[in-house]
Undergrad: 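Quick one: this structure, given as structure tokens, is what I'll be asking you about.
To find a chain, count down the sequence lines: A is the first, B the second, and so on, and within it residues start at 1.
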Protein chains: 2
Amino acid sequence: MPYRASSLTEGQTLPDTARETTLKRPRARDNRQPKLALGLLPDLIGYSLRKAQIAVFQNFQNAVAPHDITPGQFGVLILIRENVGLSQSELGSAVGIDRSTMVAVIDRLESRGWVVRAPSPNDRRSYALELSPAGTALVEDLIPRVRAHERTMAKDLNKQEQAILIDLLNRVSRAS
Amino acid sequence: MPYRASSLTEGQTLPDTARETTLKRPRARDNRQPKLALGLLPDLIGYSLRKAQIAVFQNFQNAVAPHDITPGQFGVLILIRENVGLSQSELGSAVGIDRSTMVAVIDRLESRGWVVRAPSPNDRRSYALELSPAGTALVEDLIPRVRAHERTMAKDLNKQEQAILIDLLNRVSRAS
DNA sequence: TATTGTTATACTCTATAACTATA
DNA sequence: TATAGTTATAGAGTATAACAATA
């Protein structure tokens with residue numbers, strides 16, 4: 001595999017702002033190489049969002065380790081599993097990508113033997129997507145790993161904070 | 001311009017969870033077409049993160065409208081402005097991308113007349129990146145637009161909630 | 001010998017436009 | 001006429017490997 005999506009042109013390091021918890025901690029290691037001035041970036045939600053996104057993506061890859069699958073592919077597998085008979089176009093508009101883009105997405109999942117393009121009973125133009133037995137087994141195997149990954153990413157947040165984070169993120173999503 | 005990065009294979013719609021604020025609102029419009037079952041996705045931080053990311057990215061594009069620039073390019077311009085004389089390699093490691101990738105990033109910004117590859121005074125192997133006058137003017141023009149964009153994205157969060165969101169995101173970034 | 005920028009190569013994600021088969 | 005899947009084409013973003021110039 002070539003690349004391995006890492007970060008993006010957004011800035012990586014971050015100066016420690018906010019959170020005065022555990023005041024009396026003896027200034028433990030905080031050796032993330034800052035050095036660079038970040039200007040207004042640390043105040044932007046998009047900037048923090050992007051950094052968190054990168055961290056989550058990379059940890060996901062490790063968490064599902066033996067399997068080579070991206071968070072996006074996992075999402076598609078879940079949607080197919082939860083909505084049997086979905087067509088490519090429906091799936092595409094659900095995840096917000098063009099149907100021409102969805103072709104290659106399904107191609108990859110199909111060539112790995114996880115997804116089947118079954119004929120749609122009603123409409124001969126479209127497929128009824130479904131998981132193969134291997135795809136079903138894969139998802140079963142992935143779910144506990146993904147849950148463990150989730151616990152890792154949220155390990156410094158208590159239950160309430162996790163719920164708050166998701167709620168705040170959802171409100172940002174709806175704000176645009 | 002071709003594509004216009006929109007979303008990704010992660011799932012778009014979302015069922016309304018949490019937040020019982022304003023109980024007596026008469027069930028206003030909430031017509032985001034759900035229909036699809038999302039399984040465990042809405043419980044995953046990565047899923048909400050991705051949706052928020054997409055919303056922010058798209059709104060950013062609108063907010064800087066006359067200019068065609070991505071959040072990532074904006075971030076790079078800010079870093080160059082705040083750290084004059086930065087080399088491509090330093091910039092690359094700051095934003096977490098390979099120096100070979102940074103070449104094309106700077107190529108684009110340079111071809112648009114915003115960034116200059118000035119000779120480094122100390123090291124003849126590297127460049128001292130700086131903004132051109134046009135690049136400086138661009139950034140000056142962008143900053144208020146980006147701040148307005150930020151207000152749009154955070155319009156349903158009060159000041160405290162915004163700070164909490166950024167803090168929680170930073171903690172997630174550090175968790176991996 | 002190590003580092004900086006570069007090029008060659010490759011792969012994913014994304015889009016638009018046009019085509020085929022079907023509705 | 002409209003829709004589902006497809007292909008052709010294009011561009012951004014990402015990586016690794018190798019090379020030249022310089023340290």
Side-chain angles (χ1 to χ4, degrees), chain A residues 1-12 50 53-54 57-58 61 68-76 85-112 115-129, chain B residues 1-10 12 50 53-54 57-58 60-61 68-76 85-112 115-129:
Chain A
M1 263 91 250
Y3 75 148
R4 219 83 304 252
S6 62
S7 81
L8 171 138
T9 342
E10 270 276 20
Q12 186 78 283
R50 181 62 185 156
Q53 175 78 42
I54 291 164
F57 193 98
Q58 293 195 318
Q61 302 279 18
D68 180 38
I69 185 171
T70 66
Q73 291 175 320
F74 175 73
V76 164
L86 207 60
S87 75
Q88 289 184 193
S89 291
E90 289 170 331
L91 183 53
S93 60
V95 303
I97 64 178
D98 192 86
R99 66 189 201 278
S100 68
T101 304
M102 189 51 73
V103 173
V105 171
I106 300 300
D107 280 352
R108 272 173 233 121
L109 296 175
E110 190 181 39
S111 72
R112 301 240 242 159
V115 165
V116 176
R117 281 174 161 116
S120 169
N122 330 310
D123 188 338
R124 285 195 306 181
R125 291 173 303 180
S126 67
Y127 296 122
L129 298 174
Chain B
M1 264 90 248
Y3 73 149
R4 218 85 304 250
S6 63
S7 81
L8 170 138
T9 343
E10 272 277 18
Q12 187 79 282
R50 181 62 186 157
Q53 175 77 42
I54 291 163
F57 193 99
Q58 292 195 317
F60 183 97
Q61 303 278 18
D68 180 39
I69 186 172
T70 65
Q73 291 175 321
F74 175 73
V76 165
L86 208 59
S87 75
Q88 290 184 193
S89 291
E90 287 169 332
L91 183 53
S93 60
V95 303
I97 65 179
D98 191 87
R99 68 188 200 278
S100 69
T101 304
M102 188 52 74
V103 173
V105 171
I106 300 300
D107 279 352
R108 270 172 234 122
L109 297 175
E110 190 181 40
S111 71
R112 301 240 243 159
V115 166
V116 177
R117 281 174 160 117
S120 170
N122 330 311
D123 188 337
R124 286 194 305 180
R125 290 172 304 179
S126 66
Y127 295 122
L129 298 175

Undergrad: Quickly work out the L129(A) CG to dT6(D) P distance and round it to whole Å.
TA: 9 Å

Undergrad: Under 4.0 Å between a side-chain N/O of T101(B) and OP1 or OP2 of dA15(D), yes or no?
TA: yes

Undergrad: In the 5'-to-3' direction, what one-character label does each nucleotide of nucleotides 17-23 of chain D receive under the scheme B = base within less than 4.0 Å of a protein heavy atom, S = sugar-phosphate only, - = no such atom?
TA: B---BBS

Undergrad: Phosphate oxygens OP1/OP2 of dT4(C): is one of them under 4.0 Å from a side-chain N or O of S87(B)?
TA: no

Undergrad: Check the distance between dA12(D)'s C1' and D68(B)'s CG and give it to me in whole angstrom.
TA: 12 Å

Undergrad: In whole angstrom, give the distance that lies between atom CD of E90(B) and atom P of dT3(C).
TA: 14 Å

Undergrad: Rounded to whole Å, please give me the gap between CZ in F57(A) and C1' in dA15(D).
TA: 13 Å

Undergrad: Does a side-chain heavy-atom distance below 4.5 Å link V105(B) with Q73(B)?
TA: no

Undergrad: Going from CD on Q53(A) to CD on Q58(A), what distance comes out if it is rounded to the nearest 0.5 angstrom?
TA: 11.0 Å

Undergrad: Return the minimal non-hydrogen interatomic distance between F60(B) and T70(B), and the atom names on each side.
TA: CE2-C, 3.6 Å

Undergrad: Would you indicate, yes or no, if dT6(C) has its OP1 or OP2 atom less than 4.0 angstrom from a side-chain nitrogen or oxygen of Y127(B)?
TA: yes

Undergrad: From CG of D107(B) over to P of dA8(C), roughly how many Å is that when rounded to an integer?
TA: 13 Å

Undergrad: Report yes if a side-chain nitrogen or oxygen of R117(A) is closer than 4.0 Å to either non-bridging phosphate oxygen (OP1 or OP2) of dT6(D); otherwise report no.
TA: yes

Undergrad: Any idea which heavy atoms bring M102(B) and V95(B) closest together, and the distance?
TA: CE-CG2, 3.7 Å

Undergrad: If the cut-off is 4.0 Å, is Q88(B) near the phosphate of dT6(C), judged by side-chain N/O to OP1 or OP2?
TA: yes

Undergrad: Can you check the I97(B) CD1 to dT6(C) P distance for me, whole Å?
TA: 13 Å

Undergrad: Please report, to 0.1 Å, the donor-acceptor pairs under 3.5 Å made by any side chain of residues 115-124 of chain A, with sequence neighbours excluded.
TA:
residue	atom	partner	partner atom	Å
R117(A)	NE	Q88(A)	OE1	2.8
R117(A)	NH1	D107(A)	OD1	2.9
R117(A)	NH1	E110(A)	OE1	2.7
R117(A)	NH2	Q88(A)	OE1	3.1
R117(A)	NH2	V103(A)	O	3.4
R117(A)	NH2	D107(A)	OD1	3.1
S120(A)	OG	D123(A)	N	3.4
D123(A)	OD1	R125(A)	N	2.8
D123(A)	OD1	R125(A)	NE	3.2
D123(A)	OD2	R125(A)	NE	3.4
D123(A)	OD2	R125(A)	NH2	2.9

Undergrad: Please report the shortest heavy-atom distance between E90(A) and G85(A), naming the atom on each side.
TA: OE1-O, 4.5 Å

Undergrad: Of the candidate nucleotides dG5(C), dA15(C), dG13(D), which contains the atom at the shortest distance from the side chain of S126(B)?
TA: dG5(C)

Undergrad: Rounded off to whole Å, could you give me the CD1-to-P distance for the I106(A) and dA4(D) pair?
TA: 15 Å

Undergrad: CG of L91(B) versus P of dT14(D): gap in Å, rounded?
TA: 12 Å

Undergrad: Could you measure the distance from the CG atom of L109(B) to the CG atom of L129(B)? Nearest 0.5 Å is fine.
TA: 9.5 Å

